[in-house]
*Asks:* 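Got a structure for you, questions after.
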Amino acid sequence: MNRTDDKALLSLSHVSIAYGSIPAVADVSFSVEEGEFFCIVGANGSGKSTLIRGILGLTPLTKGRVDLRTGLEGTAYVPQVEGTDRDFPATVWEIVLTGTQRRGWRVPFYTRADKAAAEAALSTFEIADLAGRRIGKLSGGQMQRVLLARAMCRWPKLLLLDEPCSGLDEESRRAFYVLLARLHRERRTTIVMVSHDLDEVAERASRVAVMAQRLLFVGTPEAWRGGAWKASSFDSEGVPAFVEVPA
Ligand code: ADP
Ligand code: MG
């Protein structure tokens with residue numbers, strides 16, 4: 001094993017995922033190293049969410065292998081929010097507190113330490129004043145901070161975010177990225193973020209993986225923007241061949 005592999009928190013090797021006979025992710029391989037801010041970008045329907053769920057074991061792989069060295073305990077996940085399904089009558093405090101629970105616990109039971117962790121997360125993500133509010137009454141930006149606080153209650157080493165800024169206005173986006181940057185810098189959280197907007201992530205990501213069912217490119221945003229990928233050959237369907245540009 002070389003040095004790069006030693007530092008990898010997450011490795012994917014020839015991962016394919018299909019829904020029945022319909023392929024969604026085809027032969028994807030890459031590694032994410034500790035401390036990275038790694039972005040998976042691609043158009044809608046390119047398999048990004050499927051891949052993230054595959055990494056977490058929520059969707060079975062058809063082929064290949066995922067090595068998640070942080071384990072599920074050391075990993076947090078903020079799923080893509082579909083529409084506005086927020087009628088659930090829970091408060092911000094209740095939602096954040098559920099983030100302290102280990103998987104597989106059927107009946108929530110919160111210790112004093114759990115409550116302290118949830119309180120700390122409320123304050124870190126600047127939503128302490130919203131603790132008693134029903135989640136249905138929050139703005140998109142506030143809800144996204146609640147989901148982040150919930151995910152970060154146990155201070156995982158690896159945070160997976162699926163399109164966290166979709167539906168947020170410009171100001172909320174900026175505020176959200178400030179929080180993410182702080183997590184990345186101060187807590188040294190490794191971040192894997194899905195986005196359909198390369199321009200938005202380019203200035204923040206250490207590397208990007210560009211997907212179109214297959215992986216088209218892995219490397220720095222500069223290399224992608226610099227057109228390194230354009231040198232690649234195209235297959236019979238006009239899809240560019242995969243290019244890897246070292247960081
Ligand atoms: P992205 O997140 O990049 O928009 P998805 O991973 O959500 O892409 O979807 C990839 C492809 O898989 C799409 O064609 C989508 O319609 C299909 N797909 C996603 N989820 C399911 C599912 N549960 N059952 C069947 N097909 C699905
Ligand atoms: Mg998606």
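Note that ligands are numbered from 1 as they come in the structure, with each ligand's atoms numbered from 1 the same way. Throughout, residue positions are numbered sequentially from 1 according to the sequence presented. None of these values were measured; they are calculated from a predicted model.
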*Asks:* Which of the numbered atoms in ligand 1 are below 4.0 angstrom from a heavy atom of N44?
*Replies:*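 Those of ligand 1 that fall under 4.0 Å from N44 are 4 (O).
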*Asks:* Indicate whether any N or O donor in one side chain lies under 3.5 Å from an N or O acceptor in the other, for E200 and Y177.
*Replies:*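 Indeed, the side chains of E200 and Y177 share at least one donor-acceptor pair under 3.5 Å.
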*Asks:* L159 versus V192: any side-chain heavy-atom pair under 4.5 Å?
*Replies:*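 When only atoms from C-beta onward are counted, V192 and L159 do not touch, as no gap falls below 4.5 Å.
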*Asks:* Atom 3 (O) of ligand 1: which protein heavy atom is closest, and how many Å away?
*Replies:*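 Nearest protein contact, heavy atoms only, for atom 3 (O) of ligand 1 is K48 NZ, 2.8 Å.
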*Asks:* With heavy-atom distances below 4.0 Å as the criterion, list the atoms of ligand 1 near S46.
*Replies:*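 Contacts of ligand 1 toward S46, numbered from 1: 1 (P), 3 (O), 8 (O).
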*Asks:* Tell me whether ligand 1 is touched by A43 - counting only heavy atoms on the residue side and a distance under 4.0 Å.
*Replies:*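 Checking ligand 1 against A43, which is what was asked, there is a heavy-atom contact under 4.0 Å.
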*Asks:* I'd like to know if the Mg ion (ligand 2) has an N/O/S atom from Q80 within less than 2.8 Å of it, counting both backbone and side-chain atoms.
*Replies:*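 It does; at least one qualifying atom falls short of 2.8 Å.
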*Asks:* Do Q80 and S49 pair up side chain to side chain, a donor and an acceptor below 3.5 Å, judged on atom types alone?
*Replies:*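 Checked: Q80/S49 side chains pair up, N/O donor to acceptor below 3.5 Å.
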*Asks:* Taking a cutoff of less than 4.0 Å between a non-hydrogen atom of the residue and any ligand atom, is G42 in contact with ligand 1?
*Replies:*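 Heavy atoms of G42 never come under 4.0 Å of ligand 1.
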*Asks:* When you measure from atom 15 (C) of ligand 1 to the protein, is at least one non-hydrogen atom found at a distance under 4.0 Å?
*Replies:*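 There is no protein heavy atom less than 4.0 Å from atom 15 (C) of ligand 1.
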*Asks:* Give the residue, atom name and distance (to 0.1 Å) of the protein heavy atom nearest atom 18 (N) of ligand 1.
*Replies:*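 For this ligand atom, the closest protein heavy atom is Y19 CE1, 3.3 Å.
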*Asks:* Report yes if some N/O of L51 lies less than 3.5 Å from some N/O of ligand 1; otherwise report no.
*Replies:*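 In this structure, L51 places no N or O atom under 3.5 Å from an N or O of ligand 1.
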*Asks:* Measure the distance from atom 9 (O) of ligand 1 to every protein heavy atom, then report the residue, atom name and distance (to 0.1 Å) of the closest one.
*Replies:*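 The closest one turns out to be T50 OG1, 3.8 Å.
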*Asks:* So that I can tick it off, tell me whether E34 and K157 are bridged by a salt bridge, with the cut-off set at under 4.0 angstrom between side-chain N and carboxylate O.
*Replies:*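 Judged by the 4.0 Å cut-off on N to carboxylate O distance, K157 and E34 do form a salt bridge.
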*Asks:* Could you check atom 8 (O) of ligand 1 against the protein and tell me its nearest heavy-atom contact, residue, atom and distance included?
*Replies:*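 Here the closest protein heavy atom is G47 N, 3.2 Å.
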*Asks:* Side chains of T59 and Y19: donor-acceptor distance under 3.5 Å anywhere?
*Replies:*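 Absent: no donor and acceptor within the cut-off.
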*Asks:* Minimum distance, heavy atoms only, to atom 2 (O) of ligand 1: which one of A212, S49, G45, S195 is it?
*Replies:*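 It is S49 that holds the nearest heavy atom.
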*Asks:* Any N/O/S atom from S49 (main chain or side chain) under 2.8 Å of the Mg ion (ligand 2)?
*Replies:*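 Yes, since at least one N, O or S atom of S49 sits under 2.8 Å from the Mg ion (ligand 2).
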*Asks:* Does a side-chain heavy-atom distance below 4.5 Å link L58 with Y77?
*Replies:*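 Yes, side chains in contact.
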*Asks:* Do T70 and T75 have side-chain N/O donor and acceptor atoms under 3.5 Å apart?
*Replies:*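 Side-chain D/A pair, T70 to T75: present.
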*Asks:* Taking atom types as modelled and ignoring hydrogens, do the side chains of R150 and T98 form a donor-acceptor contact shorter than 3.5 angstrom?
*Replies:*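 Their side chains do contain a donor-acceptor pair, which is all the 3.5 Å distance test asks for.
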*Asks:* Around E171, counting heavy atoms of other residues, nucleotides and ligands shown, do more than 12 lie under 6.0 Å from its CD?
*Replies:*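 No, CD of E171 has 12 or fewer neighbouring heavy atoms, counting only those of other groups under 6.0 Å.
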